[in-house]
Student: 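This is the structure I want to talk about, given as structure tokens.
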Amino acid sequence: MQYNSADIKSIISYAKKLEGKTLRNLCGDVLENSYSGKGKFGQLLEKFYFNYEPNSVADADFPEVGVELKSTPLKKIKGDKLVAKERLVLSIINYFEIVSQDFDTSSFIKKNSHLLLIFYLFEKDINALDYLIKMVGDWKIPPQDLIIIKQDWERIKSQVAKGKAHELSEGDTFYLGACTKGGKGGNYRGQPESEILAKQRAFSLKQGYLNHIIAVINNSNDDYGRLFTNTNILKEQSIESVVSDRFIPYLNMSVFQILQKVENKLNPNAKNFYASLTKLILGVQDEKEIEEFTKANIAIKTVRLGDGDIPKENISFPAFKYDELLDEDWDESTIKEQFEQKFFFVFFKYNHQNELVLKRVKFWNMPYNDLESVKMVWSKTKELVEQGNIVKEVKGKKRLTYFPSTKFNGVAHIRPHAQNSKDTYPLPTADKLTGSQEYTKHSFWLNNKYVRNAIYLSPE
DNA sequence: GCATGATCATGC
DNA sequence: GCATGATCATGC
């Protein structure tokens with residue numbers, strides 16, 4: 001044994017030797033064929049570097065010191081910056097056990113409160129033995145985050161206790177998510193208060209939270225502005241209600257009046273005007289990110305309401321790539337991720353002077369049944385792309401498509417989202433009618449009437 | 001007036 | 001140069 005498994009310092013210094021190396025560098029050509037798939041790197045690491053058999057017991061991986069070993073991929077984004085490639089998946093949620101547990105003594109806390117994190121750079125089509133290990137971090141959940149994670153855990157527990165384990169969603173919570181886990185078509189389990197089978201889920205740290213951990217490890221976390229200098233308030237109140245309370249003094253004020261009140265000269269024509277205004281009201285400096293929002297992967301959406309409280313526009317999402325659509329399963333899809341996340345909506349409405357007036361703010365995430373409707377839009381679109389069955393009719397400059405429109409179901413639809421009609425992505429199957437190998441970029445949109453009925457008008 | 005296709009503006 | 005959030009334009 002090259003480290004003392006009863007001594008935390010020994011474990012960490014042994015782990016630190018991984019930095020800048022690959023497993024092949026350190027362990028040589030091992031019997032790598034014994035493992036495969038997504039968890040391969042982690043299994044190789046445990047067996048050949050730390051010399052213990054990969055397991056799925058309830059105890060932490062180093063039980064004597066209560067440390068859990070986790071490896072997780074990084075990816076490069078613009079400017080060669082390294083960020084988390086995905087959420088960090090922790091232990092499976094046992095629906096039967098969680099309902100009778102207390103957070104402080106829960107199996108979640110026992111296993112996951114102290115993590116030894118191994119970050120490696122993921123590269124497609126490369127053997128897991130050759131991933132470059134970039135960072136090793138020792139992470140204990142800090143008290144101010146633990147308060148929020150506890151609220152998240154309680155929320156997951158109460159859903160299960162209500163017999164709604166099958167309706168759990170990652171968007172329900174802030175830092176700690178309940179993510180699906182287990183293969184194509186999903187892995188289903190029973191739950192204590194309902195006959196309905198629920199997808200197997202695991203606790204996970206949101207991608208945004210993991211990026212925060214990375215920033216702390218690298219001492220580069222000064223781009224954040226915090227909502228709470230003192231998180232004790234969260235012992236009595238949810239984040240949602242604290243944030244909503246901060247908007248109360250500004251409700252029914254016009255944008256102009258709000259700017260006067262916060263004594264700021266933001267340019268109302270700037271693209272990020274509403275995002276900046278939101279930060280000002282929340283007391284976060286304009287150039288900083290809202291720490292709690294970033295860590296929780298919360299997307300801010302501002303909506304302008306017209307007559308009848310109907311949003312002036314549908315809400316767009318990023319354009320999707322046609323080939324990616326075919327590659328992905330629903331549970332791992334970009335589209336599901338985008339619709340499942342938590343949103344913070346800021347609603348403005350035009351008054352008689354044609355000024356925008358702040359009417360309401362709301363945290364929201366899509367209910368399970370509606371996410372199923374988005375899935376139907378997704379499968380229909382995927383089917384059409386697969387068949388090359390996109391263009392219905394060419395009418396002068398306009399082309400009508402078979403893509404699901406606003407009438408397909410009440411939730412979401414597909415529309416163009418491009419610079420112009422010549423701004424395209426390649427098609428995996430050439431279009432039957434036009435023979436074209438590429439097509440104008442399209443994206444998913446949330447129907448404006450759905451936004452009114454399901455979000456703006458719905459009670460807290 | 002609404003649904004749907006097309007495009008703009010900004011920032012990285 | 002492109003991704004993204006936002007908005008315009010047209011025809012039924």
Side-chain angles (χ1 to χ4, degrees), chain A residues 75-83 211 223 255 266-279 286-290 293-294 297-325 334-335 337-339 341 343-350 354 356 377 380-381 384 390-426 431 433-434 436 438-453 455:
Chain A
K75 65 175 179 186
K76 275 186 184 165
I77 55 168
K78 52 182 184 278
D80 276 354
K81 194 184 173 206
L82 290 173
V83 297
N211 282 329
D223 296 340
V255 167
L266 285 180
N267 171 13
N269 298 318
K271 189 198 165 195
N272 59 355
F273 174 72
Y274 293 102
S276 301
L277 196 66
T278 304
K279 286 182 193 174
D286 192 21
E287 65 278 9
K288 300 204 170 180
E289 292 182 53
I290 306 172
F293 278 30
T294 307
N297 282 102
I298 293 170
I300 300 178
K301 299 276 181 194
T302 52
V303 179
R304 299 162 313 143
L305 303 168
D307 290 343
D309 294 334
I310 293 178
K312 281 275 184 195
E313 304 291 343
N314 305 289
I315 294 176
S316 71
F317 284 75
F320 59 85
K321 297 195 171 77
Y322 298 106
D323 43 6
E324 227 171 71
L325 199 65
T334 321
I335 304 301
E337 203 154 90
Q338 286 166 357
F339 280 87
Q341 71 184 317
F343 295 90
F344 183 67
F345 278 95
V346 184
F347 290 101
F348 292 92
K349 188 175 175 173
Y350 286 103
N354 216 31
L356 284 170
V377 176
K380 178 70 184 171
T381 307
L384 295 171
I390 297 171
V391 184
K392 191 197 281 181
E393 193 184 344
V394 180
K395 265 191 163 178
K397 227 182 152 187
K398 282 196 178 182
R399 294 160 305 173
L400 307 183
T401 73
Y402 290 108
F403 283 137
S405 73
T406 46
K407 291 177 203 118
F408 183 77
N409 61 38
V411 180
H413 64 278
I414 303 290
R415 288 235 310 287
H417 193 169
Q419 292 298 308
N420 53 51
S421 58
K422 291 184 186 67
D423 183 17
T424 63
Y425 277 136
D431 182 63
L433 187 78
T434 62
S436 179
E438 55 185 345
Y439 200 65
T440 314
K441 292 175 186 172
H442 275 60
S443 77
F444 285 68
W445 298 69
L446 262 188
N447 293 8
N448 57 353
K449 283 182 183 155
Y450 174 82
V451 173
R452 183 189 76 146
N453 296 333
I455 308 174

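Every chain is numbered from 1 and lettered A, B, ... according to where its sequence line falls, protein lines coming before strand lines.
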Student: If you look at every strand shown and take non-hydrogen atoms under 4.0 Å, does A:H417 touch a base, only sugar-phosphate, or nothing?
Tutor: base

Student: Using whole Å, what does the distance between atom P of nucleotide C:dA9 and atom CZ of A:R399 come to?
Tutor: 19 Å

Student: Contact class for A:T401 (heavy atom, under 4.0 Å): base, sugar-phosphate, or nothing?
Tutor: sugar-phosphate

Student: Would you say A:Y439 places a side-chain N or O within less than 4.0 Å of OP1 or OP2 belonging to B:dG5?
Tutor: no

Student: Have a look at A:A319 and say if it touches a base, only the backbone sugar-phosphate, or nothing, with a 4.0 Å heavy-atom cut-off.
Tutor: nothing

Student: So what does A:S443 touch, heavy atoms closer than 4.0 Å: a base, only the sugar-phosphate, or nothing?
Tutor: nothing

Student: Looking for any heavy atom pair under 4.0 Å, which part of the strands does A:F320 touch: base, sugar-phosphate only, or nothing?
Tutor: nothing

Student: Consider only side-chain N and O atoms of A:R415 and A:H417, and report whether a donor and an acceptor are under 3.5 Å apart.
Tutor: no

Student: With distance as the sole test, does A:S443 use its side chain to make a donor-acceptor pair with the main-chain N or O of A:F317 at under 3.5 Å?
Tutor: yes

Student: For a quick check of understanding: with a heavy-atom distance under 4.0 Å over all strands, which category does A:D307 fall into, base, sugar-phosphate or nothing?
Tutor: nothing

Student: In whole Å, what is the span from the NZ atom of A:K398 to the C1' atom of B:dA3?
Tutor: 9 Å

Student: Applying the salt bridge (Lys or Arg N to Asp or Glu O under 4.0 Å) test to A:D309, which of A:R452, A:K449, A:K349 qualifies?
Tutor: A:K349

Student: Determine the contact category for A:K449: base if any of its heavy atoms lies under 4.0 Å from a base atom, sugar-phosphate if only primed atoms, P, OP1 or OP2 are that close, otherwise nothing.
Tutor: sugar-phosphate

Student: With a non-hydrogen cut-off below 4.0 angstrom, is A:S316 in contact with a base, only sugar-phosphate, or nothing?
Tutor: base

Student: Please determine whether a side-chain nitrogen or oxygen atom of A:R304 lies at a distance below 4.0 Å from atom OP1 or OP2 of C:dT7.
Tutor: yes

Student: Roughly, in whole Å, what's the span from CD1 in A:I315 to P in C:dT7?
Tutor: 11 Å

Student: Specify the separation, in whole Å, of atom CZ of A:F408 and atom C1' of B:dT4.
Tutor: 16 Å

Student: Rounded to the nearest angstrom, tell me the gap between atom CD1 in A:I77 and atom P in B:dG11.
Tutor: 19 Å

Student: Think A:K301 forms a cation-pi with A:F343, using NZ or CZ under 6.0 Å from the six-ring centre and within 45 degrees of its axis?
Tutor: no

Student: Would one find a side-chain N or O of A:S421 under 4.0 angstrom from OP1 or OP2 of B:dA6?
Tutor: no

Student: Look at the side chain of A:P416 and decide which nucleotide, out of C:dA6, B:dG5, B:dA9, has an atom nearest to it.
Tutor: B:dG5

Student: Write down the distance between NZ (A:K312) and C1' (C:dT7), rounded to a whole number of angstrom.
Tutor: 11 Å

Student: Can you find a pair of side-chain heavy atoms, one from A:K75 and one from A:L82, that are under 4.5 Å apart?
Tutor: no

Student: Closest approach to the side chain of A:N420, judged atom by atom: which nucleotide of B:dA6, B:dT7, B:dA9 is it?
Tutor: B:dT7

Student: Between A:I414 (CD1) and B:dT4 (C1'), how many Å, whole number?
Tutor: 13 Å

Student: Is there a donor-acceptor pair under 3.5 Å between the side chain of A:D431 and the backbone N or O of A:I390?
Tutor: yes

Student: Let me spell it out: for each of A:Y425 and A:W445, pick the nucleotide of DNA chain C with the closest heavy atom. Which residue's pick is nearer the 5' end?
Tutor: A:Y425

Student: Counting the atoms with a prime plus P, OP1 and OP2 as sugar-phosphate, which does A:P318 contact under 4.0 Å by heavy atoms, base, sugar-phosphate, or nothing?
Tutor: sugar-phosphate

Student: On DNA chain B, does the nearest nucleotide to A:T406 precede the nearest nucleotide to A:K441 from the 5' side, or the other way round? Give the residue.
Tutor: A:T406

Student: A:K321 has an atom NZ; how far is it from atom P of C:dT4, in whole Å?
Tutor: 8 Å

Student: Just call it for A:K407: base, sugar-phosphate, or nothing, with non-hydrogen atoms closer than 4.0 Å on any strand.
Tutor: sugar-phosphate

